[in-house]
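First up is the structure itself, then whatever we jot down about it.
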4 protein chains.
Amino acid sequence: MSAKPERQRPERTFIESARRAQIVTAAIETIAEVGYTKTSFAKIAKRARLSSTGMISYHFAGKEDLVGAVTEEVMRVATEFMQPRIRAAQGYTGMLRAYIEANVELLAHHPVHLRALLEILNNARNAAGEPVVDATTISRIGLLTAHLRDGQRAGEFAGFFDPGLMATAVSGAIDAVITSRPPGLDPAACGRELADTFARATRPCSENPDDPKDT
Amino acid sequence: MSAKPERQRPERTFIESARRAQIVTAAIETIAEVGYTKTSFAKIAKRARLSSTGMISYHFAGKEDLVGAVTEEVMRVATEFMQPRIRAAQGYTGMLRAYIEANVELLAHHPVHLRALLEILNNARNAAGEPVVDATTISRIGLLTAHLRDGQRAGEFAGFFDPGLMATAVSGAIDAVITSRPPGLDPAACGRELADTFARATRPCSENPDDPKDT
Amino acid sequence: MSAKPERQRPERTFIESARRAQIVTAAIETIAEVGYTKTSFAKIAKRARLSSTGMISYHFAGKEDLVGAVTEEVMRVATEFMQPRIRAAQGYTGMLRAYIEANVELLAHHPVHLRALLEILNNARNAAGEPVVDATTISRIGLLTAHLRDGQRAGEFAGFFDPGLMATAVSGAIDAVITSRPPGLDPAACGRELADTFARATRPCSENPDDPKDT
Amino acid sequence: MSAKPERQRPERTFIESARRAQIVTAAIETIAEVGYTKTSFAKIAKRARLSSTGMISYHFAGKEDLVGAVTEEVMRVATEFMQPRIRAAQGYTGMLRAYIEANVELLAHHPVHLRALLEILNNARNAAGEPVVDATTISRIGLLTAHLRDGQRAGEFAGFFDPGLMATAVSGAIDAVITSRPPGLDPAACGRELADTFARATRPCSENPDDPKDT
DNA sequence: GATGAATGAGTGTTCATTCAT
DNA sequence: GATGAATGAACACTCATTCAT
């Protein structure tokens, strides 16, 4: 999230950066196609037309390092796509809608990247059994929770829901839609309807007179 | 989903059924603990106090067969827990609420089973890379979709949402809540709030006068 | 050092014990021939006429486990050879002589075993860089030190040397002789002369009137 | 052992000599720290702050060549330290004492160099499995043997021991002391006591009236 | 001359499955 | 029918060395 994330400590040669990018691309495609579990260095090397798996180990410190690079790349693409859309929206409600719509629309533009990311989030574990990339690293639920809480304080969202739980629900619903790739529905309509759903669920009481419960 | 799923084609001796159950139990615990990816016959055999992995291969046709048996068992437990709660509910809205609440509550009673199931749904792939157990196999989204559509026709749910998409969203939200095990919230309250959320989202226009969109 | 060291927890099948012994034998020969560093599972498997290295991993928990088994076996052979000779000796001086002579003579009877043991002691390290089998495990220097100290108290050895340092010197001298396999000297004479050397070095002042230093 | 061992056949540029020295130093430190077995070009390059292992291969014909250079350097340091001390001693007995003491004292001044040398002597093997640097190459035992024999002829040492065997014993004892780094004993006292030990062991009969054996 | 990139054989280990007993 | 033994492909990763630039 720093201004120049690519200017990290080890200065990389042009050719090395190119190789790394090539490997990362092959890794993304492989993970999206066969799933994280069945992805091996051998398959990635084959897709990247590399002669050996040793090549990947040469450019990346290990499997975790490669997974980290893949995550970074996907997040870069996703952020580049979503951020302008979210920034253009007005108000807390508008931004929530923009976030949901942009996220679903992202599926239409970068389905492979998104599937790879979900595979990593769900499956990648290190030797200790802990997630290699946990959800907080990519800061989805955290940011969403903060946004919902701020919107509640500003009075744009209803006060009767727990922000953390709602953020989890929103994320889960989006991921499920992404994973299931609902056939017959175009992504734009899909995103709009999902945004509608959570707009109704978070609307304040005043606009929602007979709310069934307020905890 | 047949009435007696365990009395399938090959009639099993008592001792064989016991062995299979023992292995399935060990598999569920192992998958829940270390994740599907890191689960191997060796670890299952160790937990089941079997001396060799050959034993598992003897009782199950292969990894897919074992995963299928695990899924069946988890679904049996889940159905046994949820069905009475859902049947006791009144109307489409009440049943939807009961379904969501029962599902979250199930986490409190059978966390190991649920985690194992989610691991399998997310990770288990056959040699061709296709999911071994897809979501439709366990008929969650399908049944939910049908329920939502029927409720729409009966006028209990609003008509402006797509049943399939809403079913996907509901399932995804529940799974996310289950996976994240929100700290500081007790399961009952969690389930109630999640049910509230989708109650608001599916309520008809009449009770929800100024709905922002109706596609 | 327990009475029945082979009656450990896991009861092994006859055939498994045979395989383990076969592998241990091949490992000893390989280590003695090419050195610990150049010994790999592949070479051991080849010598043992096993089809794959996986076989070794099947019978031993890992490289460390195999090295431990090799050490145990060599120590078993060495103890079996040396113990009766040492027990037959009289007095502290006699036992020290017997120990040295038996150790050198052991080289003539089991040169391969001894070379393998020395290779392991000098080279085998675990991932953390620590010796897999340290000298104290096989309790050579520890026992020797105690023997020298007791002999000093009993007045059989001179009091002017440090028992630990002398034990180290004795062990080092023996190992050097073993490693260099002095050509042209028969082992029996070799052992006798080495024992003479340390007999002179440890003899009390009374028999050694003009000792140059007494710290 | 030539007068100017570093001025060998190929005349090297200043910068090349510097690079070689830098690599040799890094190699010594690495071998001493992690052991010869776990030392690789990669680790040496890292310590020498070189960007690639190719650099090492460029300056040295191979691993054996590097090990040779390391040995030369350590021997240079050791000789520089020990030679004046030995030359200053009087008589065969005095020189033997000086040699032993200087060798142990060397450990206090250059522990890293010494550990590296012992690692190489014990572990370094070429492809054929033969030692890359054998003990005779560094001429320790050879020179010592000659010294002992000359001292015997001169009557300073007893005649009843075999010079080669005694030289081996002396070297082995010193190496064992060096390797074990006896805690709680300061190096000077250590060296003195070890020298005492072999002084007693090599003293002629006349000063040692009741010698137990004379072969 | 010097270097970063690449190589491919080799490391120990795990895996699901098969088979003779 | 049941089981311990064996298989061999696959795994991530390291190695010393080579080579085009």
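What you see is a predicted model, and the numbers here were worked out from it, not measured in a lab. In the text below, chain A, chain B and the rest are named by the order of the sequence lines, each starting its count at 1.
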Any donor-acceptor pair under 3.5 Å between the side chain of A/Thr53 and the base of F/dC13?
yes
Rounded to whole Å, the OH-P distance (A/Tyr58 to E/dA6) equals 7 Å
Give the rounded distance in Å between these two atoms: NZ of A/Lys38 and P of F/dA12.
13 Å
For C/Arg20 and F/dA5, is the shortest distance between a side-chain N/O and OP1 or OP2 below 4.0 Å?
no
Give a yes/no answer on whether the side chain of C/His59 brings an N or O atom under 4.0 Å of OP1 or OP2 in F/dA6.
yes
In whole angstrom, what separates C/Phe14's CZ from F/dA5's P?
12 Å
N/O donor-acceptor pair under 3.5 Å between A/Lys43 side chain and A/Lys38 backbone
yes
Using a 4.0 Å heavy-atom cut-off across all strands, classify D/Ser57 as base, sugar-phosphate, or nothing.
base
Which is true for A/Ile15 with a 4.0 Å heavy-atom rule: it touches a base, it touches only sugar-phosphate, or it touches nothing?
sugar-phosphate
Comparing C/Phe41 and B/Ser40 on DNA chain E - which has the more 5′ nearest nucleotide
C/Phe41
Find the distance D/Ile56:CD1 to F/dT18:P and express it as a whole number of Å.
14 Å
Report the residue (B/Leu50 or A/Thr39) whose heavy-atom-nearest nucleotide on DNA chain F is the more 5′ of the two.
B/Leu50
In whole Å, what is the span from the CG atom of A/Leu66 to the C1' atom of F/dA12?
12 Å
Any donor-acceptor N/O pair, A/Glu73 side chain to A/Thr25 backbone, under 3.5 Å:
no
Can you tell me the base-pairing partner of F/dT21? Count Watson-Crick or G-U wobble geometry only, both distances below 3.5 Å, and say none if there is no partner.
E/dA2
Using whole Å, report how far NZ of C/Lys63 lies from C1' of E/dG10.
12 Å
Hey, which of these two, B/Met55 or B/Lys43, hits DNA chain E nearer its 5' end, going by closest nucleotide?
B/Lys43
Contact class for C/Ser52 vs. all strands (heavy atom < 4.0 Å): base, sugar-phosphate, or nothing?
base
Tell me the interatomic distance from C/Lys46, atom NZ, to E/dG10, atom P, rounded to whole angstroms.
10 Å
Here the distance between atom P of F/dA6 and atom CD of C/Glu16, to the nearest Å, is 9 Å
